[in-house]
Colleague: 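Here it is: the structure, laid out below.
Just so it is clear, the structure is predicted and the values come from calculations on it, not from any experiment. Lettering follows sequence order; numbering is per chain, from 1.
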4 protein chains.
Amino acid sequence: MNKKTVAVVGASGYSGEELVGILLRHPDVELAAITSRQYAGKLLSEVFPRFANYPIAKKLKFIDSQPDQLAKLADVVFLALPHGVAASYAAPLLNSGAKVIDLSADFRLRSPEVYKEFYGTDHPAPELLKKAVYGLPEIYRDQIINASLIASPGCYPTSILIPLIPIVKKGLIDSDNIIVDSLSGVSGAGRKLETDYLFCECNESLRAYGFPKHRHLSEIEEQISFSAGSKVVIQFTPHLVPVNRGILTTIYLKPSDNNKNLNDLSSKMESVYKEYYSNSPFVRILKSLPDTKNITGTNVIEFSWKCDPRTGRVIIVSAVDNLVKGAGGQAVQSMNVLCGFNETDGLTLA
Amino acid sequence: MNKKTVAVVGASGYSGEELVGILLRHPDVELAAITSRQYAGKLLSEVFPRFANYPIAKKLKFIDSQPDQLAKLADVVFLALPHGVAASYAAPLLNSGAKVIDLSADFRLRSPEVYKEFYGTDHPAPELLKKAVYGLPEIYRDQIINASLIASPGCYPTSILIPLIPIVKKGLIDSDNIIVDSLSGVSGAGRKLETDYLFCECNESLRAYGFPKHRHLSEIEEQISFSAGSKVVIQFTPHLVPVNRGILTTIYLKPSDNNKNLNDLSSKMESVYKEYYSNSPFVRILKSLPDTKNITGTNVIEFSWKCDPRTGRVIIVSAVDNLVKGAGGQAVQSMNVLCGFNETDGLTLA
Amino acid sequence: MNKKTVAVVGASGYSGEELVGILLRHPDVELAAITSRQYAGKLLSEVFPRFANYPIAKKLKFIDSQPDQLAKLADVVFLALPHGVAASYAAPLLNSGAKVIDLSADFRLRSPEVYKEFYGTDHPAPELLKKAVYGLPEIYRDQIINASLIASPGCYPTSILIPLIPIVKKGLIDSDNIIVDSLSGVSGAGRKLETDYLFCECNESLRAYGFPKHRHLSEIEEQISFSAGSKVVIQFTPHLVPVNRGILTTIYLKPSDNNKNLNDLSSKMESVYKEYYSNSPFVRILKSLPDTKNITGTNVIEFSWKCDPRTGRVIIVSAVDNLVKGAGGQAVQSMNVLCGFNETDGLTLA
Amino acid sequence: MNKKTVAVVGASGYSGEELVGILLRHPDVELAAITSRQYAGKLLSEVFPRFANYPIAKKLKFIDSQPDQLAKLADVVFLALPHGVAASYAAPLLNSGAKVIDLSADFRLRSPEVYKEFYGTDHPAPELLKKAVYGLPEIYRDQIINASLIASPGCYPTSILIPLIPIVKKGLIDSDNIIVDSLSGVSGAGRKLETDYLFCECNESLRAYGFPKHRHLSEIEEQISFSAGSKVVIQFTPHLVPVNRGILTTIYLKPSDNNKNLNDLSSKMESVYKEYYSNSPFVRILKSLPDTKNITGTNVIEFSWKCDPRTGRVIIVSAVDNLVKGAGGQAVQSMNVLCGFNETDGLTLA
């Protein structure tokens, strides 16, 4: 198979850097361009010494390029830009015939109204929202194959939607009673120069933040609403904890009316998951409890659940690496599906 | 005022060590005895070099002493022993006239049946359960003054009960709908030689554990039931995260029927807390969100809350140091109340 | 004894914050003023919620004050400012009769030439260099008593000079062959908004930096030269490691010509240290090896040494908390000496 | 090319686990057997859930096998056993025709006398010492090709020998004056149940240990002596610091008599390294200073140096991942050379 050429726009943040690393190791693609306003003119090996042992890192320079030029250089263009900025790249790239995989929040929602509610401004390219496919391959594999614009999900949503969507679709749980409590490593905040993210402010620190209306809630609710067939509102509380990478999500659920027998419910969940994810190589359904250290650096999501007969609730716990399955790895997984590569190419299972 | 003499039984774990440190700095007491089977015969300064600059640490040796001997040495005896073991020390010490402050779980419950349900064995000294006072000075200050046996609360319960009890007592929230999600630093597990607590197993790791029926749930539910005036069942999920110290607790609540207006509820909560804790020097009610780094090493508990009009819930977040307010510091605070010292003596506010 | 009034100029960095905390707990002083351009007008409790349980923190506001005003408010003024800035406060404060304890590098050197060599600019107040006393109480206690301007040492120098000065003075080691290798926690860099100090850049990272001519080398060499009675040049390599606090220093030494018998040398070192530090409550001479976790949060320096018969060298290892014994604590220790308080007042031994 | 079959003996420690992970990803080999007394009979996926998404992990069980059986199962057998134990496996495996790559210390030395001096017992198989090749491919690539028994180097030695050997061979430095100061992550201690390695004992802790005669010193000195052509004695001080992975080594050197001009020396070093390592894909010679975070998870060693005209010394700093280039990765690199695979197969460059 011929290698595809790929470009990464905004390759200087943590997600962009992770994505570049995955693409350098990927057997089916050639990294044709990387852009960064800040680093334009510098070699990849200068900006990120960790890549210096790849021969291409001593040749490839960051450019500050326009969308139309990029479309000439690359079959697939990844956008690792702040939300709002990504949208302005997408239209010209698509017009020039490139496939676009956007890691920002710009095309994750179908509703421009919800976008405005959560992001505070009008959507910059509402006509593209219909075109975009939500890039969660475990759920939208068939649509991704034919997509030209893929909106790669946020890190929190990935950890939440993969365990929730199959059981919401099957009506196993009460979708009016979903509480999600998540812990995130500090790289989730990006390479941002704010006091809050200095080492001494994060190390030996535990804190909740950004609740009750974190921006990721918009895509979580929209996706769960699609699965439920009706509008769903969710309680979501993110916390910042001192690890570099990893999200651990704990989800509190009530069974739906027909599923109050918790033993039966648990069996049904197992069947539903096994069937739904039978062809998903990165999903790991555990008997034991997840631990982020078992998935960091990989594109795997692991999860398990416990029923509590004292309260009548089911508690699901899931774990992903926010920079891999929650960002760069998932974007490459979508590319693999889109380009007809093996879904696991270039991605690690452990 | 004459100094009181104090002893620490089981001074080799993290809680015992912290307690010894606090007592060494305490202006009103003299550390008269420390016991440890493992270290009997060794100087305090040998076992814990960090205490070596206190002159007494080069004189005081660990002993492996019997309760009756200890009662001769000390006015107040702290038990920092595993649950089940502490109970066997309490009766003889009390009979000999010592005051006992137990940091284990042995006397925290009023109900021997609940003890058996959660701890798996019959209670070793059920007749003492009636005598014991739950050592949360913010709630039981008046009873502690006259107590001879104080059961110092667990670390998780401390972080949960102080924000919950006043509003449960006032009927502000629906006590059938309490979900508690807690994060704990690794010292909460004690100085235990298990693979799970090795540095490389905890660092860069996030995991839930011990749910849905963690042992601390028994005392949490018993105390909240007392406040509610009826049996309360609670959802509680603890997580282990890579900090040495600190508990961060997030509590999800529904208002009671008369308090569905969230703005009013929030005002009422503020009034209730301010009144209830007006004389509690270690309680810090915040406008901003708690951060464990602001309370580690201190005996402070800080908390705040947010209302979510989209879900109709109130979310409280609290923070304590599991070894200080959650163990050694709280035990000393009880001693201060019991002995008529200033409640803050020997304890740090920041 | 009447309480002294104290002020902290530049109280918003890590050292300033630590100093404020120590002064709040100090039994002999009253915190009369704190300054910060950035926070002027804000309450101490707003800027640092951790101090909010001290009643004074809800009354005391940061001011942006002039030296002459400060001299009216405080008997002793601490300067926790960047080097170069501190000097401009010192002269007017001294003229107004205040005692000044400067935590910056401005008055640590006796030689303005060396200042220029290491700091790149002319010294801003060279006439004060003669007046200033190097604020290492273990070495300069007698001079501190009568000083009006105290230059509190840097964190690295503290960890190096206390073990070195007594044996250099006695001629036990070859002062032409000193290699110092130090590890520092990240708070040593201050609360600086630079990418290098973000959590994800420091966690799981080990690196050397700033060698071979780190600025602290100037005061290390000047002090060791004074002790040796001749110009000494030292090899010094600092490293940044992922802890909040703590410096661990490893010093490689060759014996002087008369001390090649390592057993004898070791005995002499023990005698010299015991005598030299017999009245120094914060010095801990260990048989075992230092560990920063045994000194963080305290004003203690601990050290020990080993002789290597295979190489003929002596290796000393020492540990201090860079924010306490290496900054705020040491400055308060100097104040205690200066004001005739107990040397340990307000400072922790463990 | 046909795949080779491989076995890992002692696959339950950190090095063994890392090795298994690398072999699972390796394109040229098939993992045919894994042994562990403790886990015999359990599936790989049960013991290490992180490997569960590799289909083979749900089929391959740990066995407690004898050397002769292993030789039937695998072309290449890796020994990840404690020193002393590995030796007893080597002879029967070699006799049965397997190639053996030993990650323990058993065959790293040529001298049984030095083994006894540093390890305290007679060497268990001295006749094999002559046969064994020291598995540092950058230095012994030609001998590894024809070896049947490879002794994979220790983690500290790897970080020290790669930067030192070329310049010692060329006589650029004074080999009587080598001081090595190393920092190691906690996984270097193995998955050992000792209090010293508990999370709370390591986190926020910095300490030196095991000096002046750490066991790794024996192989460091032997190899440097070979390069120098005469007996070399080295000063070596390891430190334990709170990272999971990574070694940072700082080496203090004096130039040899003919190389006192430091600018010339630095140029010569650059030429020597470039030539010596021109075909070594994992060696990264930096202009900037190494940082372990740029090499963890990879098989890369990075290093750079600075000259200090004030002291006349050269200081080299190097970084490796102790579990990859310092253990499992290096062993696989040797296997690649031995089996005629690409040297980088299965190993990551970033």
Colleague: Identify which part of D:L183 has an atom lying under 4.5 Å from any heavy atom of chain C, answering side chain, backbone, both or neither.
Modeller: both
Colleague: Who wins among C:L289, C:N203, C:L206 for the most heavy-atom pairs under 4.5 Å with chain D?
Modeller: C:L206
Colleague: Measuring heavy-atom distances to chain D, does C:P242 have an atom under 4.5 Å in its side chain, in its backbone, in both, or in neither?
Modeller: both
Colleague: Check each atom of C:I234 against the heavy atoms of chain D and say whether the ones under 4.5 Å are side chain, backbone, both or neither.
Modeller: backbone
Colleague: Using 30° and 60° as the class boundaries, would you call the ring planes of C:Y156 and C:H216 parallel, tilted or perpendicular?
Modeller: perpendicular
Colleague: Looking only at heavy atoms and a cut-off of under 4.5 Å, which of D:N244, D:V317, D:V241 has the most pairs with chain C?
Modeller: D:N244
Colleague: What part of D:I295 gets within 4.5 angstrom of chain C, counting heavy atoms only: side chain, backbone, both, or neither?
Modeller: neither
Colleague: Tell me the residues of residues 217-232 of chain C whose non-hydrogen atoms fall below 4.5 Å from those of chain D, in number order.
Modeller: C:L217, C:E221
Colleague: Take D:D181 and D:T237 through the side chain to side chain donor-acceptor pair (under 3.5 Å) test and state the conclusion after the steps.
Modeller: CA-CA 5 Å; D:D181 192 290; D:T237 313; 4.9 Å; no
Colleague: Relative to chain D, which of C:G246, C:C307, C:S205, C:C202 shows the most heavy atom pairs under 4.5 Å?
Modeller: C:S205
Colleague: Would you mind checking which part of C:I179 comes under 4.5 Å of any heavy atom in chain D, side chain (CB onward), backbone (N, CA, C, O), both or neither?
Modeller: side chain
Colleague: So, taking the atom named CG in D:L248 and the one named OG in D:S184, what distance separates them when rounded to the nearest 0.5 Å?
Modeller: 10.5 Å
Colleague: Taking C:S318 for the side chain and C:S159 for the main chain, is one N or O donor matched with an acceptor at less than 3.5 Å?
Modeller: yes
